[in-house]
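Below: the structure, in structure tokens.
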Protein chains: 2
Amino acid sequence: MATSTREKIIQLGDDLLRRQGFNAFSYADISKPLQIKNAAVHYHFPSKQDLAFAIAQWHKDIFDRFSQKMATKEPKDRLKTFLNFYHSIHLSEKVDIISAFATDWYSLRPNVQTEVQEFTELVIEWLTELIQEGLDLGQFRKIQNTRTTALRVLSSIFASTQLVRITSDQDFTRVKNSILEELLN
Amino acid sequence: MATSTREKIIQLGDDLLRRQGFNAFSYADISKPLQIKNAAVHYHFPSKQDLAFAIAQWHKDIFDRFSQKMATKEPKDRLKTFLNFYHSIHLSEKVDIISAFATDWYSLRPNVQTEVQEFTELVIEWLTELIQEGLDLGQFRKIQNTRTTALRVLSSIFASTQLVRITSDQDFTRVKNSILEELLN
DNA sequence: TAATTTACTTATTTACTAGTAGGTTTACAA
DNA sequence: TTGTAAACCTACTAGTAAATAAGTAAATTA
């Protein structure tokens, strides 16, 4: 199954958004590598905000499939997979999609903001449930309120993808391991 | 002592950088409110990168003064002041200067990157020392390696200033308190 | 007092930016 | 075979970006 142009635009847009930021890339940055014209991008996504919306939607879809695939695994492994996923983000010099959108929050149209909010809530809820299950099964150690713990895991990990751009690669691994140590019994 | 135009440009630039991102504001956004011409901004800062450099330097100066003023206080109070400082950032709809620079990292000139790196290392070291002192005095609880703890405090708190743009104000306070609870004996 | 420097302004350039109008090709359906 | 719609392209507009050149008024220095 060949990837459609529309799909390619979304993927490249996502890449640029998370590597450079929403206001730092242009339609030309998309059309050139794909060897199509600027107007072709506008054909699929009339405005840049429409593209942003599609990217947010795309992430919701991906996360949906991810969480379904993970549903059968136990909390500990789910958490590890989640953290490893962020590790790969960091290695590709990108940042997390949530923080990418957060940075450019005030340049996003309301419907894009709503989409991002829904995606974020999805992730937080998924993490909250994961932690609750981990606690119930005795795999995790109780620290605080589960949502707070979820928020701290999420913010720690995604801040790290940013912070290590400035400091060093080692610091990411350090934080990642510390999250695991903190939670695991 | 009246604030010089140069100083005003830096302050407004900092504000815009942290509210909208480096690539989302223009020289016009600075010249208009200050009621000067675009070229006047270029007089003080020939290129936008020069402005970015000055903003990074400015933060180093501020942090220097801050840490000197805090030197006599005890670790617990220093940490609280630090967290409250970030709370005020969050309330003003800005993000932390480190994450603002991190987001636009790849659009920064090498000398700006170096300046930001130095500032970040300053903050991490300050936090690391604070934690070490707190441990020595028995005010803090040992969790991990002190640098790791410092990294986690920093990343948790600054990710929160971004995350709460998307979720809710409450979530910031939640994270802030959890950091304190985790460390304090 | 003359020379110089600081802190600007006016006016302009070059290079993009997102976005659009209208024409063309291709594929598929009636 | 004709009609139609999807997926482009060519060519363009209007606006904005950073940056610069040249000039000026006021303050500072020699």
Side-chain angles (χ1 to χ4, degrees), chain A residues 1-56 58 100-101 103-113, chain B residues 1-56 58 100-101 103-113:
Chain A
M1 185 185 70
T3 322
S4 67
T5 303
R6 191 193 138 88
E7 189 86 356
K8 280 182 197 159
I9 294 171
I10 292 177
Q11 283 175 28
L12 187 51
D14 171 68
D15 198 273
L16 289 161
L17 168 63
R18 289 159 61 196
R19 190 160 297 175
Q20 313 187 42
F22 186 67
N23 294 297
F25 78 88
S26 74
Y27 270 37
D29 295 321
I30 290 174
S31 57
K32 256 182 231 162
L34 296 183
Q35 301 195 62
I36 53 173
K37 298 295 150 172
N38 222 301
V41 186
H42 277 286
Y43 167 75
H44 291 284
F45 305 99
S47 84
K48 213 180 165 183
Q49 298 283 338
D50 294 324
L51 176 55
F53 186 84
I55 293 172
W58 187 59
F101 275 128
T103 313
D104 298 304
W105 192 246
Y106 299 108
S107 20
L108 299 174
R109 246 180 3 203
N111 67 324
V112 183
Q113 291 187 341
Chain B
M1 185 185 69
T3 322
S4 68
T5 302
R6 192 192 138 88
E7 189 86 357
K8 279 182 198 160
I9 294 171
I10 292 178
Q11 284 176 26
L12 187 51
D14 171 68
D15 198 273
L16 289 161
L17 168 63
R18 291 160 60 198
R19 200 172 304 250
Q20 312 188 40
F22 186 66
N23 293 297
F25 77 88
S26 73
Y27 270 37
D29 295 322
I30 290 174
S31 56
K32 255 182 231 162
L34 297 184
Q35 301 195 62
I36 53 174
K37 298 294 147 174
N38 221 301
V41 185
H42 278 285
Y43 166 75
H44 290 284
F45 305 98
S47 84
K48 213 179 165 184
Q49 298 283 338
D50 295 322
L51 176 56
F53 186 84
I55 292 172
W58 186 59
F101 275 127
T103 314
D104 298 304
W105 192 245
Y106 300 107
S107 21
L108 299 175
R109 247 180 3 205
N111 67 325
V112 183
Q113 292 187 341

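Worth saying up front: this structure is predicted, and the values here are computed from it rather than measured. Side-chain atoms are counted along with the backbone in the values below, which use heavy atoms only and exclude waters and symmetry mates. Chain naming here is simple, since letters A, B, ... match the order of the sequence lines and numbering starts at 1 in each.
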To the nearest Å, how far apart are [X] [atom1] and [N] [atom2]?
X: L34(A); N: dC8(D); atom1: CG; atom2: C1'; value: 13 Å
X: I9(A); N: dA7(D); atom1: CD1; atom2: P; value: 11 Å
X: N23(B); N: dT16(D); atom1: CG; atom2: P; value: 18 Å
X: F45(B); N: dC8(C); atom1: CZ; atom2: P; value: 11 Å
X: K37(B); N: dA11(C); atom1: NZ; atom2: P; value: 10 Å
X: N38(A); N: dA11(D); atom1: CG; atom2: C1'; value: 12 Å
X: R6(B); N: dT6(C); atom1: CZ; atom2: P; value: 13 Å
X: K32(A); N: dA15(C); atom1: NZ; atom2: P; value: 13 Å

Test item: Y27(B) side-chain N/O and S47(B) main-chain N/O as donor-acceptor pair under 3.5 Å
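Such a contact is found between Y27(B) side chain and S47(B) backbone.
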Examine distances only and state if a side-chain atom of Q20(A) and a backbone atom of S107(B) form a donor-acceptor pair shorter than 3.5 Å.
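The answer is no, because no donor-acceptor pair under 3.5 Å joins these two groups.
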Looking only at side-chain atoms of A39(B), point me to the closest of dG19(C), dA19(D), dT9(C).
dT9(C)
Name the closest nucleotide to the Y27(A) side chain, picking from dT9(C), dA18(C), dC8(D).
dA18(C)
Does atom CZ of R109(B) have more than 12 heavy-atom neighbours from other groups under 6.0 Å away?
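Count over threshold, so yes.
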Hey, is the side chain of [X] poking within less than 4.0 Å of OP1 or OP2 on [N], counting only N and O atoms?
X: K48(B); N: dA17(D); value: no
X: H42(B); N: dT9(C); value: no
X: S26(A); N: dT17(C); value: yes
X: T5(A); N: dA7(D); value: no

Please work out if F25(B) contacts a base, only the sugar-phosphate, or nothing of the nucleic acid, heavy-atom cut-off 4.0 Å.
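Touches sugar-phosphate only.
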For Y43(A), report the nucleic acid contact type (base, sugar-phosphate, nothing); a contact means any heavy atom under 4.0 Å.
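Here Y43(A) touches the bases of the nucleic acid.
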Within the 4.5 Å heavy-atom criterion, are V41(A) and L34(A) side-chain neighbours or not?
no
If you define the side chain from C-beta out and look only at heavy atoms, does anything of R6(A) sit under 4.5 Å from F45(A)?
yes
